[in-house]
Q: 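Okay, handing you the structure first.
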Amino acid sequence: MPLKVILVDDDSISLLGLEKIINWQEIGYEIAGIFSSSRDAAKYIESHQFDVMITDICMPSPDGLELVEMCSRVNPSARILLFSAYRDFEYARKALRYENVVDYHTKPMDYKAVTASLKKIAKSLTEKASLFSSIADTDTRMMFFSNLICGNVSDREDLDNHLQSIGVKIPPEKASCTLVTINITDFSQFLNKA
């Protein structure tokens, strides 16, 4: 599934360049919104989810930093790329205090550098999604084994369904299993020693 990106700049030439020069589909993105007005972008940010925002800093109110603050509040998982015609690092310093700002580029735009930043973001977000998938998978497995140990697996069909849900393709009669019961008389003392 492609990552959703929004583009924000009051300079129509820069906006058109971002839209047309970068091969969005090739790097795993789809453009969810293009905004030449920061006010329109602010309305969109308040009511839509997206993965990445690319925005100019210097725009009429709300400026890019205000959009960053808003995005950080309502969509903290979104990643943000900033750009500006100004080479004053003060803008970058203010912007980089937000955790979801990942890069700062200056105009005129180096589209190869922007593309490299976008690829890095895509990789990071994909790895994060994979981690959450692994955690969910681990939770499913833990729940199954907990149900198995507690005797909550009712019959062969239930067992087959559970095994299939966790990706185990071995028929139960071909797999051996031994359960060990441990009796802990003073559980709080046990925890203090662990």
Side-chain angles (χ1 to χ4, degrees), residues 1-140:
M1 178 188 258
L3 297 171
K4 293 183 177 182
V5 62
I6 64 170
L7 313 175
V8 186
D9 194 351
D10 60 341
D11 176 1
S12 59
I13 294 172
S14 292
L15 201 55
L16 186 63
L18 276 172
E19 179 188 4
K20 300 294 183 190
I21 295 174
I22 295 174
N23 188 338
W24 295 101
Q25 187 176 7
E26 183 180 285
I27 61 172
Y29 288 85
E30 70 177 354
I31 297 175
I34 300 172
F35 304 96
S36 58
S37 158
S38 57
R39 287 181 195 270
D40 291 341
K43 289 177 191 170
Y44 184 89
I45 290 168
E46 288 284 352
S47 59
H48 293 83
Q49 288 295 307
F50 53 90
D51 301 296
V52 178
M53 175 173 70
I54 302 176
T55 184
D56 190 4
I57 288 180
C58 299
M59 294 183 290
S61 185
D63 66 18
L65 290 178
E66 290 169 310
L67 289 179
V68 168
E69 190 280 324
M70 179 185 299
C71 183
S72 297
R73 184 173 32 82
V74 297
N75 189 358
S77 64
R79 299 294 174 250
I80 302 170
L81 287 179
L82 293 171
F83 60 91
S84 177
Y86 297 98
R87 297 184 186 274
D88 184 352
F89 189 72
E90 184 61 23
Y91 284 111
R93 189 185 65 75
K94 285 180 183 175
L96 292 172
R97 71 179 180 196
Y98 293 95
E99 289 181 24
N100 52 346
V101 173
V102 295
D103 220 338
Y104 180 90
H105 296 274
T106 56
K107 290 182 181 179
M109 204 75 79
D110 177 348
Y111 293 103
K112 286 184 181 178
V114 173
T115 299
S117 293
L118 288 164
K119 286 179 179 178
K120 189 166 54 170
I121 291 170
K123 182 179 180 199
S124 166
L125 291 175
T126 302
E127 287 171 356
K128 191 174 195 178
S130 174
L131 172 65
F132 287 131
S133 173
S134 297
I135 290 170
D137 184 54
T138 301
D139 287 346
T140 301

Q: Looking at side-chain heavy atoms only, is the closest gap between Ser77 and Asn75 below 4.5 Å?
A: yes
Q: According to the side-chain hydrogen bond (donor to acceptor under 3.5 Å, both in side chains) rule, which pairs have a member within residues 49-62, sequence neighbours left out?
A: Asp56-Lys107
Q: Can you sort out the partners of Glu69 under salt bridge (charged side-chain N to carboxylate O under 4.0 Å, His left out), two or more places apart, ordered by chain and number?
A: Arg73
Q: What pairs meet the salt bridge (charged side-chain N to carboxylate O under 4.0 Å, His left out) rule with one or both residues in residues 20-34, with sequence neighbours excluded?
A: none
Q: Would you say that Val68 contacts Leu82 through its side chain, given a criterion of any heavy-atom pair below 4.5 Å between the two side chains?
A: yes
Q: I'd like a table of donor-acceptor pairs (distance under 3.5 Å, sequence neighbours excluded) in which one partner is a side-chain atom from residues 113-120, with atom names and distances.
A:
from	atom 1	to	atom 2	distance (Å)
Thr115	OG1	Tyr111	O	2.8
Ser117	OG	Asp103	OD2	2.5
Ser117	OG	His105	NE2	3.0
Ser117	OG	Ala113	O	3.3

Q: Side chains of residues 32-40: which donor-acceptor pairs under 3.5 Å do they make with residues two or more places apart or in other chains?
A:
from	atom 1	to	atom 2	distance (Å)
Ser37	OG	Arg39	N	3.2
Ser37	OG	Asp40	N	3.2
Ser38	OG	Pro60	O	2.9
Ser38	OG	Pro62	O	2.8

Q: With ring pair (Phe, Tyr, Trp, His ring centres under 6.0 Å) as the rule and sequence neighbours excluded, what pairs involving residues 48-70 come up?
A: Tyr44-His48
Q: Say you draw a straight line from CG of Asp9 to CG of Leu16; how long is it, rounded to the nearest 0.5 Å?
A: 11.0 Å
Q: My understanding is that only residues two or more places apart in sequence, or in another chain, count here; which of them pass side-chain hydrogen bond (donor to acceptor under 3.5 Å, both in side chains) with Asp110?
A: none
Q: Donor-acceptor pair, distance only, cut-off 3.5 Å: does the side chain of Asn100 make one with the backbone of Ala78?
A: yes
Q: State, to 0.1 Å, how close Ile57 and Ser84 come at their nearest heavy-atom pair, and which atoms those are.
A: CB-CB, 4.3 Å
Q: Where do Ile121 and Val52 come nearest, in terms of heavy atoms and distance?
A: CG2-CG2, 3.7 Å
Q: Where do Ala41 and Leu67 come nearest, in terms of heavy atoms and distance?
A: CB-CD1, 4.3 Å
Q: Report yes if the side chains of Val5 and Leu7 come closer than 4.5 Å at any heavy-atom pair, otherwise no.
A: yes
Q: What are the two closest non-hydrogen atoms of Ser47 and Lys43, and how far apart are they?
A: OG-O, 3.2 Å
Q: With sequence neighbours left out, what residues match Asp63 under side-chain hydrogen bond (donor to acceptor under 3.5 Å, both in side chains)?
A: none
Q: State the CE-CG distance between Met59 and Leu65, to the nearest 0.5 angstrom.
A: 9.0 Å
Q: Step by step, work out the side-chain contact (heavy atoms from CB on, under 4.5 Å) result for Tyr29 and Ile22.
A: CA-CA 10 Å; Tyr29 288 85; Ile22 295 174; over 6 Å; no
Q: So, taking the atom named CE in Met109 and the one named CG in Asp11, what distance separates them when rounded to the nearest 0.5 Å?
A: 9.0 Å
Q: Is the backbone N or O of Ile31 less than 3.5 Å from a side-chain atom of Trp24, with the two atoms forming a donor-acceptor pair by type?
A: no
Q: Measuring only between side-chain heavy atoms, which start at C-beta, is Met53 closer than 4.5 Å to Leu81?
A: no
Q: Can you name the closest pair of heavy atoms from Tyr98 and Ser72 and give their distance?
A: CD2-OG, 3.5 Å
